[in-house]
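We number each residue from 1, following the sequence as shown. Keep in mind it's a predicted model, so treat the numbers as computed, not measured. Atoms within a ligand are numbered from 1 in the order they appear, just like the ligands themselves.
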Amino acid sequence: MKTTVSLIKADVGGYPGHASVHPQLISAGKEGLEKARKEGLIKDYHVMAAGDDLQLLMSHTKGVDSSEIHGLAWKVFEAATEAARELKLYGAGQDLLSDAFSGNIRGMGPGIAEMEFTERKGEPLVAFMMDKTEPGAFNLPIYRMFADPFNTAGLVIDPNCHGGFRFEVWDIMEHRRVFMETPEETYSLLALIGAKSRYVIKRVYPRDNHPKLPPDEPVAVVSTEKLYQIAGEYVGKDDPVALVRAQSGLPALGEVLEPFAFPHLVSGWMRGSHNGPLMPVGLKDARCTRFDGPPRVTAAGFQVADARLVGPVDLFDDPAYDLTRKRAARIAEYMRRHGPFEPHRLPMEDMEYTTLPKVLKGLEDRFEKVE
Ligand code: F6R
Ligand code: MG
Ligand code: MG
């Protein structure tokens with residue numbers, strides 16, 4: 001029997017503003033998932049928070065895109081929204097863009113990363129949760145885990161990793177996808193995923209020649225929902241999540257975490273309109289404060305055991321990442337000094353999906369022709 005792990009998240013109310021999740025929402029989440037566990041629908045669960053996003057991590061045997069599991073998540077988000085409304089939390093129900101659940105949660109507002117796989121003898125899994133940024137923020141770290149020998153020593157010295165990996169990349173503007181294999185297609189892959197607001201890594205697979213793993217079971221998956229495309233107007237950033245398996249022919253746990261030692265620039269932050277450094281933090285520090293940020297990433301580590309989620313270990317709650325956090329704070333300071341100027345503020349084509357066009361519209365009549 002294969003195991004499925006589903007990480008489904010939504011902002012159903014911030015506390016205060018867009019900073020964090022109120023404990024009562026976490027309690028509502030736990031209550032709903034505990035009931036589902038007792039009824040046998042899911043095997044195990046963990047409710048977590050990253051910034052203002054409520055995170056439901058569930059393990060089960062229903063496969064991906066199960067209407068029962070998606071329906072459960074939707075019901076739990078609705079219950080949490082009720083709690084948020086009572087407390088008048090900020091933007092209560094924000095990410096639930098539809099009034100009724102219709103079988104699949106994709107395209108309805110919440111972000112989702114899920115994968116089904118055959119459990120190995122030991123199955124380490126990391127749930128990454130980001131706030132105040134977009135799915136393309138995972139491009140650089142996922143690329144580095146599975147394709148960069150300067151990050152992942154195993155690509156060079158472990159025969160089980162040496163053959164490389166297969167990337168599934170989505171063009172989220174044109175709703176199409178392409179599969180590419182590394183190391184042969186490294187340059188073409190980078191040509192796409194460097195444009196992170198359009199091309200996003202959706203999944204990574206072992207290649208056909210992998211000595212230990214089946215080529216059709218993903219080893220990493222990223223949520224790729226774009227809220228603005230769903231809602232048709234700006235309703236907040238689509239803060240992404242990802243699941244990554246590690247060890248035994250895959251990048252080691254430390255190779256999976258290593259890319260986050262570099263606080264790369266991502267877009268999001270204040271009003272979803274600014275570039276800023278991605279700061280890795282422990283779950284207790286996943287609160288977005290300065291200028292509604294800076295963007296954060298948390299990592300919860302588990303061993304999966306017969307569909308149980310043994311953990312979590314709060315992987316970035318570690319002095320080894322102190323220097324990264326300090327660097328991120330310095331970069332945040334530097335970027336902030338640009339105020340409303342690019343490249344702190346996003347380029348015009350990305351601002352199209354924010355509230356800026358409404359402001360510019362008011363100026364339209366004032367322009368006159370220059371000969
Ligand atoms: C970014 C985010 C916040 C809000 C900002 C303004 O993803 O959620 O930075 O954009 O706090 O929020 P409103 O317009 O709700 O006052
Ligand atoms: Mg919010
Ligand atoms: Mg958020």
Min N/O separation Asp239 to ligand 1 under 3.5 Å: no
Lys132 N/O to ligand 1 N/O under 3.5 Å: no
Aromatic ring pairing Phe291/His274, orientation class (parallel under 30°, perpendicular over 60°, tilted between): perpendicular
Met270: numbered ligand 1 atoms lying under 4.0 Å from its heavy atoms: 9 (O)
Heavy-atom proximity to atom 14 (O) of ligand 1, best of His274, Arg271, Gln94: Arg271
Asp292 neighbourhood, listing ligand 1 atoms whose heavy-atom distance to it stays under 4.0 Å: 3 (C), 4 (C), 5 (C), 9 (O), 11 (O)
Stacked cation flag Arg37 on Tyr45, 6.0 angstrom / 45 deg: no
Trp170 six-ring centre to Lys202 NZ/CZ under 6.0 Å and within 45° of normal: yes
Atom name, Asp131 (N, O or S, nearest to the Mg ion (ligand 3)): OD1
Cluster link Val126 to Val221, ILVMFWY, side chain under 4.5 Å: no
Sub-4.0 Å heavy-atom approach of Gly272 to ligand 1: yes
Proximal protein heteroatoms (N, O or S) of the Mg ion (ligand 2), under 2.8 Å: Asp11 OD2, His18 ND1, Asp52 OD2
side-chain hydrogen bond (donor to acceptor under 3.5 Å, both in side chains) involving Glu184 - partner list, sequence neighbours excluded: Arg207
Subset of ligand 1 atoms that lie under 4.0 Å from at least one heavy atom of Trp269: 1 (C), 9 (O)
Donor on one side chain, acceptor on other, Asp292 and His18, under 3.5 Å: no
Distance-only donor-acceptor check, side chains Glu114 and Ser6, under 3.5 Å: yes
Set of side-chain hydrogen bond (donor to acceptor under 3.5 Å, both in side chains) partners for Glu333, sequence neighbours left out: Arg290, Arg337
Sequence neighbours excluded - ring pair (Phe, Tyr, Trp, His ring centres under 6.0 Å) pairs with any residue from residues 125-153: Phe128-Phe260, Phe146-Phe165
Distance-only side-chain donor-acceptor flag, Glu134 / Ser197, under 3.5 Å: no
